[in-house]
Each structure stands twice: as C-alpha cells, then as structure tokens.
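Below: the structure, in structure tokens.
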Amino acid sequence: MGEKIKKALGIKGDFKTTVVPMINYSYANIFLGGAGYIVGMYFTIFLTDVVNISLNQAGIVVMIATIWDAVTDPVMGIITDRTRSKYGKHRRYLVWGIPFLIVSYTLLWNSFGLNGNENPKAAMIYFVLVYMLYKTAFTIISVPHTAMLPELAPEYDLRTQYNSVGYLFNSAGMVPAFLLAVALLAAFGSNDNITSASKTPFLIIGIVLSIFFSAAVFITFKTTKEPSSLDYHVERLDLKYIIREYVLVFKNRAFRQYFFMSVAYQFATGFYANSKVYYIKYLANQYSKYALYNAVAGVAEAAAFPLNYALTIKFGKKKCGNIVTPIMVAGLAIGLFMQQSKTGSASFLWVALMMLSMILYPFGMSGLGFVSTNIFPDITDVDELITGRRREGVIATFSTLIKKSISGVMAAMVGFTLQGFGLVTGDTVSQYETSTGQMFAQSGSAIWGVRICVAVIPIIATAVSLILLKKFRMTKSDHEMIRAAIAVKRKYGSVTLTDEQIKVCEEIAGQKYENTWLGQGNDEEHPLELDENGEYLVLTAKE
C-alpha cells in the first residue's frame, strides 16, 4: 500500500524514509488548516449576530488582532532562527504553543454573557484580547512549522510533495471541524439562522476543537526529526541587526516578486472571505444553505488538488496558477449579478448560480494558493545565495508581517464598507422578521456594498496577482543550479559559474553577482558538476 501511495504521488525514494516524514510533518496542518477554516466561516457572524457587536466593531476586532499577529510573526522568526539546540531550531516551539491554543480557542467562542447591545465596548475589548491570544498561539506554532520545511525538504520537487501532503492534511482538519460545527448548530436549532441564542453550540465547538487541534500539533512534535542547530552562529541581537536582517530580505528580487503577487492574492481572498457570509445571508437570502455551500466549496478546492499537483510536477510551480486561477474570476463574477430573494425562499436559478460560484471560486483559488505555498521555500535558497545564511524564519515572517497587517486592515475595511453602505445585521434583522413574519429587505445601497467586497475588489486583485505571477523568473532548472552552486561554495569556499549561470543568478537575485555571498571567494576553479542524468549534482560536505 505504501508503494502504491508513493507511486500515485510521484514521489522518489523509500516509503519509510520519504513519505512517512512528510506525513509526520503534516499532522500540524490539521490545526493550521482546520482552526482558521472555522474562524473564517463563523467568527465575524458570531460577533455580529450572536454577540451583537456592530460591523465596524467586528472589523476592528479582526484588524487589531491580525496586526498583532503580524507584529509577533517577525519576533518569532528571529527567535527560531537564533535557536541553538540539538533538537533543531523549530520543533520544540510546537509543543510550547499547545497550552495557548487550548485556552484561546475555547475563549474565542465564549462571550461570558457580554452583549454588544448592552455593553458594546466591553464586548469588543474582550474579543480583541482573546483573538490576540489565539493569534499568538497560532504564531508560536505556525512560524516554526513553516520555517522547518526548507531544511526537511531541500529539493525542488520534494518541497512540492511535502506541501501537497500538507494540503491533504489541511482538509483532514477542515472536514471534521466543519462537520462538528454543522452538527452542533443543527442540534441546537442554529443551522438555518444564527442568532443571540446560538452561544451554547459555539462554546462546545471551541472546547472540542481546541483538544482535537492540539493533539495533531503534538503528534508532529513527537514524530518529526530536525537537524541539530548547535553549531549555528548567532550574531549579537540589537535594533541595528534586526533592521539589517529585514532590509536584506527585500533586496532579494525573487522575494519581491513572490511578495507582491501574494499580497494581491491576499487582497482577493481576504475581501471575499470577510464578506462571504454576508453575501449568502443578506444579499442572496440563502443562509439556510450556508453549511451546504461551504461543504461544496471544500470539495471543489480539494478536487483541484490533483490538477494543481500534476501541472506543478510536469511544468513547474507557475503553471497551475496561470491555468486554474481564471476559474476563480468566473466564480467571483457571479456575485456581480446575484439577486436578493423577495420571498424568503430563493428560486432554483439563484440557488444554482450560488452553487456554481461555490464550485468555481475555490477550485480556481487553489491555483494561486498552490503556487504561493510552493514558491516560498525556494526563496530561502535565493536568500542564501545573497547572504550565505539560512534565514527561513526571517523571510517567512517578514512576508507575513506586511501581508497580515494588510489582512487586518482589509477586515476593518470590509466592516466599515458594509456598514457605510447601510447593511443591517444582528438582532435588528431577527426581531423584525419575528415581529412581522416578513423577510427583512436590505437596501439597494447595502446590496452594492456586499457586491463591492465579495466581487469587484477580489476580481481586480486577482487580475493583478496573475500579471505579477507572469513576471516570476525562477524555474526548476534555475533552482537546482542555485542549490548546486551553494553546495560547492560551502565545500570549497568558492564556486566557478559560466556567464549564463551568473546571468541567471543576477536576474533572480536582483543583484550583481560579485556583490553576493556566492560571488565571493578564492581564485580556485570549482565548476558545477552534472550527474549521469544531466542534472546538477548537489555536493555534501563528505563528497
């Protein structure tokens, strides 16, 4: 069975020494994928329709906590990069984050009786603090886990395979978490309409899922092996050092290309994710099918995985983004003309169109997501070409510092936009419908506010991301050459490249070759070698 799995994934190497480590590393993805999935589905509507804080306040909660998350990421990155231990730089932080995870995820879904109608400031402050605690727990676990990958999987295709297995484990976290949430909400009569009476099922969801996610992280901690970092040289830590570290990151042209592409992609997915629930509930009046639509979306995203994987392995890491992402735009475009039901029961046409959008958007979204995930580990090798050091934590967290700050601002922008356009939420809607027996009709202005957030801005941002993807330079052959050159440089103190190889390094790094660590050394001739298959030979210290 192991060999069949290995063959199906196109993985080279022994099952025990290649596939099993991928699985062990990926258990933590059950938390990384599942926890955020439930937060994305329910947290904002939990705030506005259960706790009854305003859309503006909900946006502020998410913004402050996300910016806090962005600030703590670089701190965690510097900590992991400077950690010297026989167990490696990253692994031990996974288990240290578990207590924070259990406490924060439980509190995230419990308001302790606070209500936005009675004490809006206290409710908002409480959820700001609790969400910040959850984001801290996520940082303690996710940053070391992400930074560990380039060391565990140094080869170009092997990294894609690790990320692909991790992608499957994301689903292994999302599916049971989703089923639990839907089952509990249905059992307490809250599946068709979330109101202030839905507090109990959300509290149970928080308790059960915090234990489930923590167990997955613990398994990765126990089963993953990481090289010792005892011989790692650590420079003196001061403000000048920190500034220099992050300035160096942005001098890397490959990183800049990756970064701006990822930011545009995040604008698209962030605006959509923060407004989707309001799109379904208040624009289309189809909230009774919210769980169904999310299930379909999850299946559609998972269904795209084999195509993305096959395109990446055969044609490189950009291809699936170029081919699959336009499907995402088609799914978003449906939001431009989705109509609000006037009777409280959407017609077959609008249900079918919403279902179609729930298939096309996640299927297409997975393309750019797959590209972004798989490109990141290769950026660390370009950084090593420039600096001569492995700085996975710094690179990962510099990127997330900016992107998460933008994400936090986007959450607030969505809240302010929807409220500014006049969208009405919470008890105001439910009390009107209870007292009159009629469906609450949102204004035309409010509907257009939803369209802007769920379709117009995401479509523009996706188009920008695709344009930037086309500019990304590094191919599989380029990456293998860079890795081989770094290995020769580390072994002999210098490396001799052809003019064409030097040109590739300069185009990817965005710097003159002689100004990089790779371009410095003695005058001895040490050209790159090829193996019997004509591929670059990556030397080890013993060879």
Side-chain angles (χ1 to χ4, degrees), residues 26-51 58 61-62 65-66 69 93-112 114 126-143 145 166-191 194 197-222 273-274 276-277 290-295 297-299 301-302:
S26 298
Y27 279 114
N29 285 75
I30 291 175
F31 159 61
L32 300 176
Y37 182 65
I38 298 301
V39 170
M41 276 186 65
Y42 290 112
F43 187 60
T44 54
I45 201 165
F46 171 77
L47 292 177
T48 58
D49 289 31
V50 178
V51 185
V61 168
V62 177
T66 306
D69 185 28
Y93 295 108
L94 302 184
V95 74
W96 291 355
I98 289 176
F100 295 95
L101 165 59
I102 293 175
V103 172
S104 64
Y105 208 75
T106 300
L107 295 179
L108 199 63
W109 305 102
N110 185 8
S111 65
F112 290 101
L114 291 171
Y126 167 77
F127 279 104
V128 165
L129 296 175
V130 170
Y131 203 18
M132 287 172 64
L133 181 62
Y134 164 68
K135 289 293 189 179
T136 301
F138 197 92
T139 293
I140 294 172
I141 296 169
S142 65
V143 169
H145 185 261
Y167 186 91
L168 296 176
F169 273 78
N170 283 342
S171 298
M174 291 161 57
V175 172
F178 169 76
L179 293 176
L180 173 69
V182 170
L184 282 171
L185 289 171
F188 283 85
S190 299
N191 205 30
I194 291 177
S198 306
K199 294 179 180 178
T200 299
F202 277 112
L203 175 58
I204 298 173
I205 289 169
I207 294 172
V208 175
L209 289 185
S210 68
I211 297 171
F212 173 58
F213 295 142
S214 297
V217 174
F218 184 76
I219 293 173
T220 290
F221 164 74
K222 288 292 291 183
N274 282 295
K276 182 179 77 169
V277 66
Y290 184 63
L292 173 63
Y293 288 147
N294 278 283
V299 172
E301 184 177 356

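Only a predicted model underlies this, so the values are computations on that prediction, with no experimental measurement involved.
- The aromatic rings of Tyr131 and Tyr134 sit parallel, their planes meeting at an angle under 30°, below the 60° perpendicular limit.
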Intermediate values then yes/no, side-chain contact (heavy atoms from CB on, under 4.5 Å), Tyr42 and Ile205 = CA-CA 11 Å; Tyr42 290 112; Ile205 289 169; 6.0 Å; no
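- Panel note: side chain Asn294, backbone Tyr290; a donor-acceptor pair is recorded below 3.5 Å.
- Nearest approach of Ile38 to Ala181, heavy atoms of both residues: CD1-CB, 4.4 Å.
- Using cut-offs of 30° and 60° for the angle between ring planes, the Phe213 and Phe31 rings count as tilted.
- Relative orientation of the Phe46 and Phe127 rings is perpendicular, given thresholds of 30° and 60° on the angle between their planes.
- Checking Ile207, Val130, Thr200, Leu203 one by one against Asn110, the side chain to side chain contact (heavy atoms under 4.5 Å, CB included) holds for a single residue, Leu203.
- If you take CG on Leu32 and CE on Met174, they are separated by 12.5 Å, rounding to the nearest 0.5 Å.
- Of all heavy-atom pairs spanning Ser210 and Thr106, the tightest one is OG-OG1, 3.4 Å.
- Ser111 and Val51 get closest at one heavy-atom pair: CB-CG2, 4.2 Å.
- Considering only residues two or more places apart in sequence or on other chains, Tyr293 meets the side-chain contact (heavy atoms from CB on, under 4.5 Å) condition with Ile280, Gln286, Lys289, Val351, Met354, Met355, Met358.
- Here the OG-CD1 distance, from Ser198 to Ile45, works out to 9.5 Å after rounding to the nearest 0.5 Å.
- Applying the side-chain contact (heavy atoms from CB on, under 4.5 Å) test to Phe218 and every residue at least two apart in sequence or in another chain returns Val95, Ile98, Phe221, Lys222.
- Counting heavy atoms from C-beta on, the side chains of Leu180 and Phe212 never come closer than 4.5 Å.
- In this structure, Ser171 and Pro176 approach most closely via the heavy-atom pair O-CD, 4.1 Å.
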Please determine whether side-chain contact (heavy atoms from CB on, under 4.5 Å) holds for the pair Leu107 and Tyr126, giving the CA-CA distance in whole Å, both sets of side-chain angles, and the decisive distance to 0.1 Å. CA-CA 10 Å; Leu107 295 179; Tyr126 167 77; 3.8 Å; yes
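- In terms of heavy-atom proximity, His145 sits nearest to Asn29 at CE1-OD1, 3.2 Å.
- Heavy-atom minimum distance, Ile102 versus Ser214: CG1-OG, 3.1 Å.
- If you take OG1 on Thr220 and CD1 on Ile30, they are separated by 7.5 Å, rounding to the nearest 0.5 Å.
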| message | With side-chain contact (heavy atoms from CB on, under 4.5 Å) as the criterion, how do Val39 and Tyr105 come out once you've worked through the C-alpha distance, each side chain's angles and the decisive distance to 0.1 Å? | response | CA-CA 10 Å; Val39 170; Tyr105 208 75; 4.0 Å; yes
| query | Passes side-chain contact (heavy atoms from CB on, under 4.5 Å), Leu209 versus Trp109? Steps please. | reply | CA-CA 11 Å; Leu209 289 185; Trp109 305 102; over 6 Å; no
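- Crowding of Phe100 atom CZ: a count of heavy atoms from other residues, nucleotides or ligands under 6.0 Å not exceeding 12.
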